[in-house]
Asker: 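Have a look at the structure that comes next, please.
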Amino acid sequence: MRILVTGGTGYIGSHTCVQLLERGDDVVIVDNLCNSEASVVESLREITGRAPTFYPVDIRDRDALEAVFAKHEPEAVIHFAGLKAVGESVAKPLEYYENNLSGTLVLLGVMRAHDCRKIVFSSSATVYGTPASVPIREDFPTGGTTNPYGTTKLFLERILIDLQKADHRWSVALLRYFNPIGAHESGKIGDNPTGTPNNLMPYITRVAKGVLPMLSVYGDDYPTPDGTGVRDYIHVEDLAAGHLAVLPKLDEPGVHIYNLGTGVGYSVLDIVHAFERSTGVKVPYRVVPRRPGDIAECWSDPSRAETELGWKAVRTLEEMCRSSWNFEKSKA
Ligand code: NAD
Ligand code: UFG
């Protein structure tokens with residue numbers, strides 16, 4: 001397939017591109033490199049032996065995106081490009097709404113102009129807000145997002161649903177990711193946020209490496225078994241495989257919604273201890289007050305994706321920890 005991957009040099013995008021290249025798809029990446037590096041393109045070639053076509057393009061730049069579509073006429077788009085830091089989105093709501101909403105609107109307009117009506121969208125468990133219960137199923141209500149980042153995902157899901165309602169030829173997959181961690185086994189690509197990490201695993205690996213002094217555990221007074229927040233951590237390679245599994249579904253016009261998670265919740269301290277066990281490296285931590293906007297627990301019921309797509313997360317927590325550490329150690 002000819003597939004356009006927006007945000008393809010980013011964390012999840014790059015792991016998905018590896019699998020697309022490995023199975024022989026023609027991969028075209030557009031990424032403005034605001035949160036990734038062009039060197040990822042070379043890493044993809046080293047890992048797969050095949051090079052994607054790369055354009056350092058901002059998806060809000062209609063003329064540039066138009067030129068990419070005119071040249072490659074993609075059959076489907078996997079749309080990862082977006083800003084994703086929850087805390088930053090609270091401080092910079094306009095930047096988040098502008099980038100994530102305008103970028104997607106431009107992309108959809110260009111897709112329509114080129115008769116490309118198949119899209120896989122990177123959504124998030126954040127669209128469920130504070131769930132009434134866990135595990136979370138796809139038919140749970142969405143809404144009640146607690147930050148502008150999450151609201152962009154909610155709005156974009158709605159825009160895509162409205163678009164499909166108005167023009168039944170569209171096929172839209174809304175993939176609601178839980179918490180991706182881990183890295184490709186080669187150690188050549190992984191989660192490499194610029195600045196101080198917001199997410200748990202990149203923070204842990206930088207503490208383990210000695211780049212940061214100590215992990216702050218945000219609250220140990222949640223109504224969870226050990227008092228720390230519980231999440232559904234999924235290996236990024238399993239998450240990437242979910243994108244390939246949903247592509248055939250796009251032959252059926254409609255809106256296809258899937259949770260991509262493991263169905264198992266681990267606490268912050270479970271992750272710290274699993275990391276220490278898997279790598280033999282200590283992670284000093286202290287407990288600090290809760291982080292505003294965090295919920296106590298969030299894990300998926302991933303059974304719809306297994307039943308309908310034949311997709312299931314298979315990698316263990318130990319593999320997630322070891323590969324994250326392997327990537328951190330491989331970095332310059
Ligand atoms: P990432 O920041 O590593 O990748 C996103 C990529 O998009 C980056 O390479 C960035 O440079 C690019 N980008 C941003 N704005 C752009 C624009 N206007 N034009 C072109 N490129 C642009 O993030 P990720 O973790 O790989 O996340 C990918 C997608 O998945 C995002 O939409 C994110 O919101 C979503 N998501 C991520 C998580 C997570 O925990 N990582 C969870 C749920 C959903
Ligand atoms: N945590 C810490 N210390 C840290 C970082 C995180 O204790 O330094 C805790 C958090 O309080 C939470 C857990 O670790 O309990 C996971 O936090 P992350 O920031 O790694 O992930 P979140 O669950 O907050 O959010 C992530 C993505 C969102 C996405 C969501 C989907 O950042 O984009 O998963 O579930 F929407």
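Order of appearance sets the numbers: ligands from 1, and atoms from 1 within every ligand.
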Asker: Which residue and atom name correspond to the protein heavy atom nearest atom 19 (N) of ligand 1, and how close is it?
Answerer: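 Here the nearest protein heavy atom works out to Ile59 N, 3.0 Å.
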Asker: Any idea which of Gly8, Ser89, Gly82, Ser102 brings a heavy atom closest to atom 14 (C) of ligand 1?
Answerer: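 Nearest option to atom 14 (C) of ligand 1, by heavy atoms: Gly82.
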Asker: Look at ligand 1 and say whether His79 reaches it with a heavy atom at a distance under 4.0 Å.
Answerer: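 Distance cut 4.0 Å: His79 fails for ligand 1.
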Asker: Could you see which bit of Ser216 sits under 4.0 Å from ligand 2, with heavy atoms only: side chain, backbone, both or neither?
Answerer: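 Contact part for Ser216 vs ligand 2: backbone (N, CA, C, O).
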Asker: Are any non-hydrogen side-chain atoms of Gln19 and Glu237 less than 4.5 angstrom apart?
Answerer: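 Gln19 vs Glu237: side chains touch.
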Asker: For ligand 2 and Thr126, I'd like to know whether there is a polar contact (N/O to N/O, distance under 3.5 Å).
Answerer: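 Thr126 vs ligand 2: no N/O contact under 3.5 Å.
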Asker: Does Arg315 CZ have over 12 foreign heavy atoms under 6.0 Å away?
Answerer: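 Atom CZ in Arg315 is packed in, count exceeds 12.
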Asker: Please report which non-hydrogen protein atom sits nearest to atom 37 (C) of ligand 1, along with the residue it belongs to and the distance in Å to one decimal place.
Answerer: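 Of every protein heavy atom, Ile12 CD1, 3.7 Å lies nearest to atom 37 (C) of ligand 1.
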Asker: Only one of Phe178, Tyr149, Tyr177 clears side chain to side chain contact (heavy atoms under 4.5 Å, CB included) with Ser124; which?
Answerer: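 Answer to the side chain to side chain contact (heavy atoms under 4.5 Å, CB included) test with Ser124 among Phe178, Tyr149, Tyr177: Tyr149.
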Asker: Select the closest option to atom 30 (O) of ligand 1 among Tyr149, Phe121, Tyr177, judged by heavy-atom distance.
Answerer: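 Going through Tyr149, Phe121, Tyr177 one by one, Tyr177 has the nearest heavy atom to atom 30 (O) of ligand 1.
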Asker: Using a 4.0 Å cut-off to any heavy atom of Ser122, which atoms of ligand 1 qualify?
Answerer: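 Reading through ligand 1 atom by atom, the close ones are 29 (C), 30 (O), 32 (O), 35 (C).
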Asker: Any nitrogen or oxygen of Leu83, side chain or backbone, less than 3.5 Å from one on ligand 1?
Answerer: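 Min N/O separation from ligand 1 is not below 3.5 Å for Leu83.
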Asker: When you measure from the side chain of Asp25 to the backbone N and O of Met1, does any donor-acceptor pair fall under 3.5 Å?
Answerer: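 Confirmed, Asp25 side chain pairs with Met1 backbone.
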Asker: Enumerate the atoms of ligand 1 whose separation from the nearest heavy atom of Cys34 is less than 4.0 angstrom.
Answerer: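 In order of numbering, the contacting atoms are 10 (C), 11 (O), 13 (N), 14 (C), 15 (N).
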Asker: Note the single closest protein heavy atom to atom 2 (O) of ligand 1, along with its residue, its atom name and the distance in Å.
Answerer: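 Ranking protein heavy atoms by distance from atom 2 (O) of ligand 1, first comes Asn35 ND2, 2.7 Å.
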Asker: Mind checking whether Ser123 has an N or O less than 3.5 Å away from an N or O of ligand 1?
Answerer: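 No: no nitrogen or oxygen of Ser123 is under 3.5 Å from one in ligand 1.
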Asker: Where the closest heavy atom to atom 25 (O) of ligand 1 is concerned, which of Glu37, Glu98, Arg231, Lys84 has it?
Answerer: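 Shortest heavy-atom distance from atom 25 (O) of ligand 1: Lys84.
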Asker: Tell me which protein heavy atom sits closest to atom 20 (O) of ligand 2, plus the residue, atom name and distance to 0.1 Å.
Answerer: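 In this structure, atom 20 (O) of ligand 2 has Leu200 N, 2.9 Å as its nearest protein heavy atom.
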Asker: Within a distance under 4.0 Å of any heavy atom of Leu33, pick out the atoms of ligand 1 and give their elements.
Answerer: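 With Leu33 as reference, the close atoms of ligand 1 come out as 11 (O).
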Asker: Regarding ligand 2, does Ser124 bring an N or O atom to under 3.5 Å of one of the ligand's N or O atoms?
Answerer: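 No; the residue has no nitrogen or oxygen that sits under 3.5 Å from a nitrogen or oxygen of the ligand.
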Asker: Using a strict cut-off of 4.0 Å, indicate which atoms of ligand 1 neighbour a heavy atom of Ser36.
Answerer: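 By the 4.0 Å cutoff, the relevant atoms are 8 (C), 9 (O), 11 (O).
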Asker: Give me the residue, atom name and distance of the protein heavy atom closest to atom 9 (C) of ligand 2.
Answerer: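 Of every protein heavy atom, Val268 CG2, 3.6 Å lies nearest to atom 9 (C) of ligand 2.
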Asker: Count the heavy atoms belonging to other residues, nucleotides or ligands that lie under 6.0 Å from OH of Tyr285, then report whether that count exceeds 12.
Answerer: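 No, the 6.0 Å shell around OH holds no more than 12 heavy atoms from other groups.
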Asker: Is there a donor-acceptor pair under 3.5 Å between the side chain of Lys249 and the backbone N or O of Ala173?
Answerer: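 Not a single qualifying donor-acceptor pair exists.
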Asker: Of Pro180, Ala85, Gly13, which has the heavy atom at the shortest distance from atom 39 (C) of ligand 1?
Answerer: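 It is Pro180 whose heavy atom sits nearest to atom 39 (C) of ligand 1.
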Asker: Checking a contact table here: which protein heavy atom is nearest atom 22 (C) of ligand 1, and how many Å away?
Answerer: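 Residue, atom and distance for the closest contact: Asn32 OD1, 3.1 Å.
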Asker: Tell me: protein heavy atom nearest atom 4 (O) of ligand 1, and distance?
Answerer: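 Its nearest protein heavy-atom neighbour is Gly10 CA, 3.4 Å.
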Asker: At under 4.0 Å between heavy atoms, is it the side chain or the backbone of Asp294 that contacts ligand 2, or both, or neither?
Answerer: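 Just the side chain.
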Asker: side-chain hydrogen bond (donor to acceptor under 3.5 Å, both in side chains) with Tyr258: which of Glu138, Glu308, Glu306?
Answerer: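 Among Glu138, Glu308, Glu306, the one meeting side-chain hydrogen bond (donor to acceptor under 3.5 Å, both in side chains) with Tyr258 is Glu308.
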Asker: Is Arg322 salt-bridged to Glu319, going by a charged N under 4.0 Å from an acidic O?
Answerer: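 Looking at Arg322 and Glu319, the cut-off is not met.
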Asker: Could you tell me, atom by atom, which parts of ligand 1 come under 4.0 Å of a heavy atom of Gly7?
Answerer: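 Those qualifying, in numeric order: 6 (C), 7 (O).
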Asker: Do any nitrogen or oxygen atoms of Val30 come within less than 3.5 Å of a nitrogen or oxygen of ligand 1?
Answerer: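 No; every N/O pair is 3.5 Å or more apart.
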Asker: Which protein heavy atom lies closest to atom 10 (C) of ligand 1, and at what distance to 0.1 Å?
Answerer: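 Of every protein heavy atom, Asp31 OD1, 3.4 Å lies nearest to atom 10 (C) of ligand 1.
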Asker: Would you check if Thr9 and Asn35 make a side-chain contact, meaning some heavy-atom pair closer than 4.5 Å?
Answerer: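 Sidechains of Asn35 and Thr9: no contact.
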Asker: Is it the side chain (CB and beyond), the backbone, both or neither of Asn198 that lies under 4.0 Å from ligand 2, heavy atoms counted?
Answerer: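 The part of Asn198 near ligand 2 is the backbone, not the side chain.
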Asker: When you measure from atom 25 (O) of ligand 2 to every protein heavy atom, which one gives the shortest distance, and what is it?
Answerer: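 Of every protein heavy atom, Asn179 ND2, 4.0 Å lies nearest to atom 25 (O) of ligand 2.
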Asker: Regarding atom 28 (C) of ligand 2: of the candidates Trp299, Tyr233, Tyr149, which has the closest heavy atom?
Answerer: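 Among Trp299, Tyr233, Tyr149, the closest heavy atom to atom 28 (C) of ligand 2 belongs to Tyr149.
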Asker: Show your working on side-chain hydrogen bond (donor to acceptor under 3.5 Å, both in side chains) between Asp270 and Tyr233 and close with a plain yes or no.
Answerer: CA-CA 11 Å; Asp270 287 337; Tyr233 296 93; over 6 Å; no
Asker: When the ring planes of His79 and Phe121 are compared, do they come out parallel, tilted or perpendicular, using 30° and 60° as the limits?
Answerer: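 His79 and Phe121: tilted rings.
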Asker: Considering only heavy atoms of Arg60, which atoms of ligand 1 have at least one such atom less than 4.0 Å away?
Answerer: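 Answer, ordered by atom number: 18 (N).
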Asker: Can you find an N/O atom of Tyr11 closer than 3.5 Å to an N/O atom of ligand 1?
Answerer: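 Yes, there is a polar N/O contact under 3.5 Å.
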Asker: Check whether more than 12 heavy atoms from other residues, nucleotides or ligands sit under 6.0 Å from atom CZ of Arg112, and answer yes or no.
Answerer: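 Counting neighbours around CZ of Arg112, 12 or fewer heavy atoms of other residues, nucleotides or ligands fall under 6.0 Å, so no.
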Asker: Under 6.0 Å from the CD atom of Glu46, do we count more than 12 heavy atoms belonging to anything else shown?
Answerer: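 Enclosed: over 12 neighbouring heavy atoms sit under 6.0 Å from CD of Glu46.
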Asker: Just to confirm my output: which protein heavy-atom neighbour is closest to atom 18 (N) of ligand 1, and how far is it?
Answerer: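 Scanning the protein heavy atoms, the shortest distance from atom 18 (N) of ligand 1 goes to Asn99 OD1, 2.9 Å.
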Asker: May I ask you to check if ligand 2 and Ala125 share an N or O to N or O distance below 3.5 Å?
Answerer: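 Such a contact does not occur with ligand 2.
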Asker: Which atom pair, heavy atoms only, marks the closest approach of Glu73 to His114?
Answerer: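 Taking every non-hydrogen atom into account, OE2-ND1, 3.1 Å.
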Asker: Would you find more than 12 non-hydrogen atoms of other residues, nucleotides or ligands less than 6.0 Å from Lys71 atom NZ?
Answerer: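 Atom NZ in Lys71 is not packed in, count stays at 12 or less.
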Asker: Could you work out, for atom 42 (C) of ligand 1, the closest of Phe178, Tyr55, Phe80 by heavy-atom distance?
Answerer: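 Shortest heavy-atom distance from atom 42 (C) of ligand 1: Phe178.
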Asker: Classify the angle between the aromatic ring planes of Trp325 and Phe275 as parallel (below 30°), tilted (30 to 60°) or perpendicular (above 60°).
Answerer: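 Taking Phe275 first and then Trp325, their aromatic rings stand perpendicular (interplane angle over 60°).
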Asker: Just heavy atoms, cut-off under 4.0 Å: does Asn100 contact ligand 1 by side chain, backbone, both, or neither?
Answerer: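 Looking at Asn100 and ligand 1, no heavy atom falls under 4.0 Å.
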Asker: Can you figure out which of Glu297, Arg231, Met214, Arg291 has its heavy atom closest to atom 24 (O) of ligand 2?
Answerer: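 It is Arg291 whose heavy atom sits nearest to atom 24 (O) of ligand 2.
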Asker: Where's the contact between Thr6 and ligand 1, heavy-atom distance under 4.0 Å: side chain, backbone, both or neither?
Answerer: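 Under 4.0 Å from ligand 1, Thr6 contributes no heavy atoms.
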Asker: Does the side chain of Ile12 come within less than 4.5 Å of Ser122's, by heavy atoms?
Answerer: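 Not touching, per the 4.5 Å side-chain cut-off.
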Asker: What is the nearest protein non-hydrogen atom to atom 7 (O) of ligand 2, stated with its residue, atom name and distance?
Answerer: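 Answer for atom 7 (O) of ligand 2: Tyr218 N, 2.9 Å.
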Asker: Using a plain distance cutoff, I'd like to know if Ala81 has any nitrogen or oxygen under 3.5 Å from a nitrogen or oxygen of ligand 1.
Answerer: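 Between Ala81 and ligand 1 (N or O atoms, distance only) the closest approach is not under 3.5 Å.
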Asker: Does ligand 2 have a heavy atom under 4.0 Å from the side chain of Asn199, from its backbone, from both, or from neither?
Answerer: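 It is both backbone and side chain that touch ligand 2.
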Asker: For the backbone of Leu33 and the side chain of Ser36, can you confirm whether one donor and one acceptor N or O come within less than 3.5 Å of each other?
Answerer: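 Not at all, since once roles are kept as given, no pair shorter than 3.5 Å links the two residues.
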Asker: Hey, does Val57 sit under 4.0 Å from ligand 1 if you only count heavy atoms?
Answerer: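 Yes; Val57 lies near enough to ligand 1 that a heavy-atom distance drops under 4.0 Å.
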Asker: Using a strict 4.0 Å cut-off to heavy atoms of Asp58, name the atoms of ligand 1 that fall inside it.
Answerer: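 Numbered from 1, ligand 1 contributes 17 (C), 18 (N), 19 (N), 20 (C).
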